[in-house]
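What follows is a single structure, written as structure tokens, with notes after it.
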Amino acid sequence: MTTDALSGTTAPTDTADTTAPTRTALVLQHDPSIHLGNIGPVLLDAGYDVRVIDVAVEDVAAIDPAEADLVVVLGGEMGVYQTDEYSFLADELVLLRQRIEAERPTLGVCLGAQLMAGALGERVYKGDTTQIGFRRIEPTSAGAESPIRHFDGVPVVEWHGDTFELPASATLLASSSDYSNEAFAIGDFALAVQFHPEVTDEMHEQWVADGYNELDENALDPDALRQDRARYSAAMQDASSRAFSEWLAQLPVGSAAATSA
């Protein structure tokens, strides 16, 4: 069976073409509405066989942290510090620490970025503000030399209230007006983004429609969010595709190469 990189659903494997080597991407998903989005097609175009893990159902502790060519950790509504309530978070922290120590390609988005920081021993905590909507990030000088440069001047979706301390081994790639740590890299094999560049129009509409309580709490107008989507989404989709395609292409030779026989 293969997994639909956009929706997380499974479908019968097409065995017509078995000649091309396959790279494997293991996706840790915390909520079916917070899925790969526009990163899915990028992974498929890059030749990855994508497997989505529902961390609330499957045993994260049983995953070999170094086996997959790429691990992608997606967002979620829980906080990294809620391991007592969500035991799978503790297993994810162990997996990510071991994977990063092995220098295996890893991508974290929002909660995924926070988990990567937490796996390296840094504090993850509630921030001073909740960021929801399209906001600008500012690449650092290092970010301007990285795939994150594609988001320069392009408003991106933010939907978080937690933040984290930057790992000592990380290079800061982007900041925003409210949060200093918006993106970081570890070496040339790991990338973490606090924002949500993966969000498609369909995902955004679902989040807005389902998040009315949170929007009310933060005095946000759903229609204003939709208007910003109409204004900014197309540019973000293009920037996301460019950024992640470039990042995948520059992963170290052998790290994300086809699995050996």
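Values reported hereafter were calculated over all heavy atoms of this structure, with side chains retained and with hydrogens, waters and symmetry mates removed.
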Could you check whether any side-chain heavy atom of Gln194 comes within less than 4.5 Å of a side-chain heavy atom of Phe164, counting everything from C-beta outward?
yes
His35 and Glu198: side chain to side chain donor-acceptor pair (under 3.5 Å), yes or no, with the steps?
CA-CA 8 Å; His35 53 78; Glu198 85 283 12; over 6 Å; no
Verify the neighbour count for atom CZ of Arg135: are there more than 12 heavy atoms of other residues, nucleotides or ligands below 6.0 Å?
yes
So do the side chains of Val156 and Ile137 get within less than 4.5 Å of each other, counting heavy atoms only?
yes
Are Arg51 and Thr24 side-chain neighbours, meaning at least one heavy-atom pair lies under 4.5 Å?
no
Applying the ring-ring contact (aromatic ring centres under 6.0 Å, His included) test to His160, which of Tyr179, Tyr125, Phe195 qualifies?
Tyr179
How far apart are the closest heavy atoms of Glu67 and Arg104, and which atoms are they?
O-NH2, 3.7 Å
For the residue pair Pro155 and Met236, what are the closest heavy atoms and their distance?
O-CB, 3.8 Å
Leu191/Phe244 under side chain to side chain contact (heavy atoms under 4.5 Å, CB included): CA gap, chis, key distance, verdict:
CA-CA 10 Å; Leu191 177 66; Phe244 292 118; 4.1 Å; yes
Go through it in stages, so that I can follow the logic: the residues are Arg136 and Glu182, the test is salt bridge (charged side-chain N to carboxylate O under 4.0 Å, His left out), and I'd like the CA-CA distance, side-chain angles, deciding distance and then a yes or no.
CA-CA 10 Å; Arg136 291 184 183 273; Glu182 286 286 358; over 6 Å; no
What do the steps show when you test Gln98 against Glu101 for side chain to side chain donor-acceptor pair (under 3.5 Å), and what is the final call?
CA-CA 5 Å; Gln98 294 176 344; Glu101 287 175 350; over 6 Å; no
Looking only at heavy atoms, the pair that brings Gly76 and His30 closest together is CA-CB, 4.1 Å
To the nearest 0.5 Å, tell me how far Gln114 CD sits from Leu93 CG.
11.0 Å
What's the spacing between Asp223 CG and Gln227 CD if we round to 0.5 Å?
6.5 Å
Pair listing, ring pair (Phe, Tyr, Trp, His ring centres under 6.0 Å) test, anchored in residues 83-110, at least two apart
Tyr86-Phe88
Intermediate values then yes/no, side chain to side chain contact (heavy atoms under 4.5 Å, CB included), Thr106 and Ile186:
CA-CA 9 Å; Thr106 307; Ile186 302 172; over 6 Å; no
Any Gln131 side-chain heavy atom under 4.5 Å of Ser176 side chain:
no
Between NE2 of His196 and OG of Ser240, what distance do you get to the nearest 0.5 Å?
12.0 Å
Going through the checks in order, is the side chain to side chain donor-acceptor pair (under 3.5 Å) test met by Gln237 and Ser233?
CA-CA 6 Å; Gln237 306 302 317; Ser233 178; 3.1 Å; yes
Do the side chains of Glu92 and Arg99 get close enough for a salt bridge, i.e. N-O under 4.0 angstrom?
no
Check Val72, Val73, Ile53 against Leu26 for a side-chain contact (heavy atoms from CB on, under 4.5 Å) and give me the one that passes.
Ile53
Does the ring centre of His204 sit less than 6.0 Å away from the ring centre of Phe134?
yes
Is the closest side-chain heavy-atom distance between Tyr48 and Leu248 below 4.5 Å?
yes
Whether over 12 other heavy atoms sit under 6.0 Å from Asp64 CG
yes
Closer than 4.0 angstrom, basic N to acidic O: yes or no for Arg149 and Asp152?
no
CD of Glu158 to CG of Asp178: how many Å apart, nearest 0.5 Å?
8.5 Å
Taking all non-hydrogen atoms of both residues into account, name the closest pair between Leu89 and Gly79 and its distance.
CD1-O, 3.2 Å
Are Ile148 and Tyr232 connected, step by step, through hydrophobic side chains (Ile, Leu, Val, Met, Phe, Trp, Tyr) whose heavy atoms are closer than 4.5 Å?
yes
Going through the checks in order, is the side chain to side chain donor-acceptor pair (under 3.5 Å) test met by Asp49 and Thr22?
CA-CA 6 Å; Asp49 179 43; Thr22 301; over 6 Å; no
Taking atom CD of Glu77 as the centre, report whether more than 12 heavy atoms of other residues, nucleotides or ligands fall under 6.0 Å from it.
no
For the residue pair Ala142 and Thr171, what are the closest heavy atoms and their distance?
CB-CG2, 3.6 Å
Between Leu166 and Asn181, what is the shortest heavy-atom contact and its length?
N-ND2, 3.5 Å
Rounded distance (nearest 0.5 Å) linking atom OG of Ser146 with atom CZ of Phe151:
9.5 Å
Knowing that exactly one of Val80, Leu74, Ile34 qualifies, which makes a side-chain contact (heavy atoms from CB on, under 4.5 Å) with Leu111?
Val80
Apply side chain to side chain contact (heavy atoms under 4.5 Å, CB included) to the pair Leu43 and Leu70, showing each step before the final yes or no.
CA-CA 10 Å; Leu43 289 173; Leu70 173 67; 3.6 Å; yes
Student check: side-chain heavy atoms of Trp207 and Ile132 closer than 4.5 Å
no
Under a 4.5 Å cut-off applied to non-hydrogen side-chain atoms, are Val27 and Ile39 in contact?
no
If two hydrophobic side chains count as joined below 4.5 Å and joins carry through other members, does Tyr81 share a cluster with Leu95?
no
Would you check, one step at a time, whether the test side chain to side chain contact (heavy atoms under 4.5 Å, CB included) holds for Glu85 with Met78?
CA-CA 9 Å; Glu85 187 174 355; Met78 64 287 295; over 6 Å; no
Just verifying a value: how many Å separate Glu214 CD and Leu220 CG, rounded to the nearest 0.5 Å?
8.5 Å
Are any non-hydrogen side-chain atoms of Leu173 and Val193 less than 4.5 angstrom apart?
no
